[in-house]
Amino acid sequence: MEEEKKFVGGWGKGNKMGERRPEDICWKERWVDVGSAVRLLDLSAMSQMQRSFSIDLPSLRLPSRRETHLWYILPDEVKSTSLLKRYSQLLSQTEKDRVDQMRGDELKKNALLARTLVRTTIARYQTNEAVDPRSLMFKKNMYGKPELDWQNCNVQPLHFNISHTDSLIACGVTVHVPVGIDVEDKERKIKHDVLTFAKRFYSADEVNCLATILDPEAQRKEFIKLWTLKEAYVKALGKGFSAAPFNTFTIQSNPGGYNLCKTSEITANPLEETKKCNGGWKFALLELADSHYAAVCTEDDQADEGAPMRVIVRKTIPFVEDQLILKEYFCN
Amino acid sequence: MATSLSSSISMQARVSATTTRFCLHKPTSIFNNGKANLSFTLQRPIPARLAISCAVKQETVEKVSEIVKKQLSLAEDQKVTAGTKFTELGADSLDTVEIVMGLEEEFGITMAEERAKEIATVQHAAELIEELIQQKTA
């Protein structure tokens with residue numbers, strides 16, 4: 001498709017994502033997304049502010065059905081004080097206050113990066129005009145889960161969820177269904193005995209599964225993987241901790257992937273737990289940056305039941321660069 | 001002489017059989033014509049769990065702070081007070097659960113997971129601990 005200089009907004013299809021556009025003075029692209037839509041901009045019609053956001057925050061194709069986009073930042077890669085200052089200008093006053101409350105420079109920086117990741121990523125998915133990340137508004141659902149207040153700020157209704165550790169901050173984005181993500185350092189040491197911890201908080205089946213792993217290191221790793229999967233589910237559910245205490249459901253590990261089994265309390269024989277493992281939720285477990293486990297959980301759309309989840313992972317430094325890490329299907 | 005209200009107050013109230021703690025947010029002293037004791041007569045039954053923010057024992061707050069510092073590997077001189085939020089110290093949900101396990105071991109109590117995960121500050125933890133200890137000894 002040819003670029004027209006006087007074109008006023010809109011979408012076009014083509015393989016142009018990998019090509020540098022003349023306006024892209026500060027944009028570095030290291031990947032080519034074949035077949036994605038390209039945004040044609042009439043920069044002369046935009047304000048200075050919009051132009052700056054259009055250039056520095058290239059827009060993105062929305063996730064399709066069954067797709068989760070997973071973005072992450074490695075705080076160690078963000079060192080520039082001027083860049084961090086630019087990020088802090090994107091935050092609301094409440095967010096800035098929360099960043100200031102964090103104890104210590106590293107925690108402050110990570111809190112800043114987390115809000116920056118959420119605002120800049122969501123702003124890039126807007127299809128009509130360049131959206132100022134500052135203009136996004138957020139609310140909480142009745143259980144306290146943060147959500148995009150899309151009705152009040154005229155933006156696409158996206159679902160998102162964030163998770164972070166000391167060394168990695170991640171944000172998952174979906175369109176049609178709620179999403180929950182959780183990331184953990186693979187080397188994270190548990191201060192209690194793993195089985196003691198599991199017996200206290202996990203389901204009986206999960207404890208039995210962990211108990212069969214004899215090597216302590218392998219057992220610890222499996223424990224961490226289970227933790228991220230369980231957390232991702234509770235966060236996707238979005239109904240608070242009391243809606244799904246960890247010992248009321250099992251994440252079953254199958255050759256093909258992971259499955260959710262809910263323990264029913266209502267049973268004829270009180271000593272027997274009936275389990276329903278018919279899904280309703282999709283899971284993906286990945287390794288990021290060679291250092292972290294990341295779990296993604298999305299609700300199974302009835303029309304898509306059984307279909308695999310596609311996950312597209314990108315590492316990013318907002319306003320600077322994106323790097324495509326992987327595109328993969330995860331089965332249940 | 002000023003005395004802590006929580007230890008000098010005597011109550012007469014129509015309450016249900018379960019023990020109820022009734023205390024004010026900050027320890028203050030009240031004098032009634034030079035007399036340091038007061039009696040309260042409550043007009044209606046108090047529910048078993050009274051939702052008033054209580055003055056917890058300083059000792060409990062200190063023990064909780066110690067456990068939190070240990071779990072999060074904080075420096076000894078890192079300031080942790082009753083009002084400190086776990087998230088401000090960099091605690092995530094796994095840390096919070098481990099802190100709860102540490103508190104359960106230290107105080108000999110068991111916390112329901114939902115309540116445990118909702119603990120946001122040292123004060124909350126201390127209040128929950130004292131409530132559970134009370135229930136245990138009641």
Side-chain angles (χ1 to χ4, degrees), chain A residues 75 97-111 114 143-144 162-169 180 182-185 188-194 196-203 220 223-224 226-228 230-232 234-235 239-249 293, chain B residues 49 51 61 63-125 128-129 131-132:
Chain A
D97 291 342
R98 279 205 204 107
V99 167
D100 287 335
Q101 280 165 5
M102 300 299 286
R103 307 286 195 87
D105 290 338
E106 206 189 293
L107 288 177
K108 282 184 170 55
K109 177 181 165 186
N110 287 6
Y143 304 98
I162 50 171
S163 175
H164 48 92
T165 67
D166 293 342
S167 49
L168 189 143
I169 298 161
D182 191 57
V183 294
E184 269 319 328
D185 189 328
R188 182 176 186 145
K189 297 288 174 269
I190 307 298
K191 293 194 156 74
H192 292 86
D193 171 62
V194 165
T196 308
F197 194 132
K199 280 176 192 161
R200 175 73 182 81
F201 289 104
Y202 286 18
S203 75
R220 186 195 60 80
F223 174 89
I224 301 284
L226 273 175
W227 179 273
T228 59
K230 290 168 87 72
E231 272 288 292
V234 173
K235 292 172 82 182
K239 291 187 179 154
F241 305 123
S242 47
F246 270 21
N247 60 7
T248 61
F249 65 93
Y293 293 127
Chain B
R49 232 191 271 161
V61 169
K63 275 194 190 165
V64 173
S65 302
E66 272 310 303
I67 288 166
V68 168
K69 279 190 195 174
K70 205 170 129 192
Q71 173 61 34
L72 302 178
S73 304
L74 301 176
E76 255 311 302
D77 57 355
Q78 166 78 264
K79 197 169 155 238
V80 177
T81 62
T84 306
K85 287 193 190 149
F86 290 177
T87 48
E88 287 168 13
L89 299 169
D92 62 12
S93 52
L94 186 46
D95 286 312
T96 304
V97 171
E98 286 224 87
I99 288 168
V100 164
M101 283 183 81
L103 297 174
E104 289 180 335
E105 283 158 18
E106 172 72 27
F107 293 98
I109 47 170
T110 304
M111 289 191 191
E113 185 195 322
E114 313 84 75
R115 295 190 77 187
K117 276 186 165 174
E118 276 161 9
I119 294 175
T121 64
V122 170
Q123 173 85 8
H124 287 177
L128 187 52
I129 288 162
E131 186 193 313
L132 290 168

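Hydrogens, waters and symmetry mates are skipped; everything else that's a heavy atom, side chains included, is used. Per chain, numbering begins at 1; letters A, B, ... match sequence-line order.
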*Measure the spacing between OG of Ser242(A) and CZ of Arg115(B) and express it to the nearest 0.5 Å.*
11.5 Å
*For Asp193(A), does the CG atom have more than 12 heavy-atom neighbours from other residues, nucleotides or ligands under 6.0 Å away?*
yes
*Taking every heavy-atom pair that is under 4.5 Å apart, which of Lys79(B), Gln78(B), Glu88(B) has the most such pairs with chain A?*
Glu88(B)
*Taking every heavy-atom pair that is under 4.5 Å apart, which of Gln101(A), His164(A), Met102(A), His192(A) has the most such pairs with chain B?*
His192(A)
_Minimum-distance pair of heavy atoms, taken over all atoms of Glu231(A) and Ser93(B)_ = OE1-OG, 2.9 Å
*Could you walk me through whether Val97(B) and Phe246(A) pass side chain to side chain contact (heavy atoms under 4.5 Å, CB included), step by step?*
CA-CA 11 Å; Val97(B) 171; Phe246(A) 270 21; over 6 Å; no
*Under 4.5 Å, heavy atom to heavy atom, which residues of residues 66-75 of chain B contact chain A?*
Lys70(B), Gln71(B), Ser73(B)
_Crowding at NZ, Lys191(A) (>12 non-hydrogen neighbours, <6.0 Å)_ = yes
_Under 4.5 Å from any heavy atom of chain B - which part of Lys189(A)_ = backbone
*asked:* What's the separation between atom CE in Met101(B) and atom OG1 in Thr196(A), rounded to the nearest 0.5 Å?
replied: 6.0 Å
_I need the full list of salt bridge (Lys or Arg N to Asp or Glu O under 4.0 Å) pairs touching residues 89-111 of chain B, with sequence neighbours left out, sorted by first then second residue._
Arg188(A)-Asp92(B), Arg188(A)-Asp95(B), Arg200(A)-Glu104(B), Lys63(B)-Glu106(B)
*Decide if atom NZ of Lys85(B) counts as having more than 12 heavy atoms of other residues, nucleotides or ligands within a radius under 6.0 Å.*
no
*Looking at Ile190(A), Asp166(A), Ile224(A), which makes the most heavy-atom pairs under 4.5 Å with chain B?*
Ile190(A)
*For the residue pair Arg103(A) and Thr84(B), confirm or rule out a side-chain donor-acceptor distance under 3.5 Å.*
yes
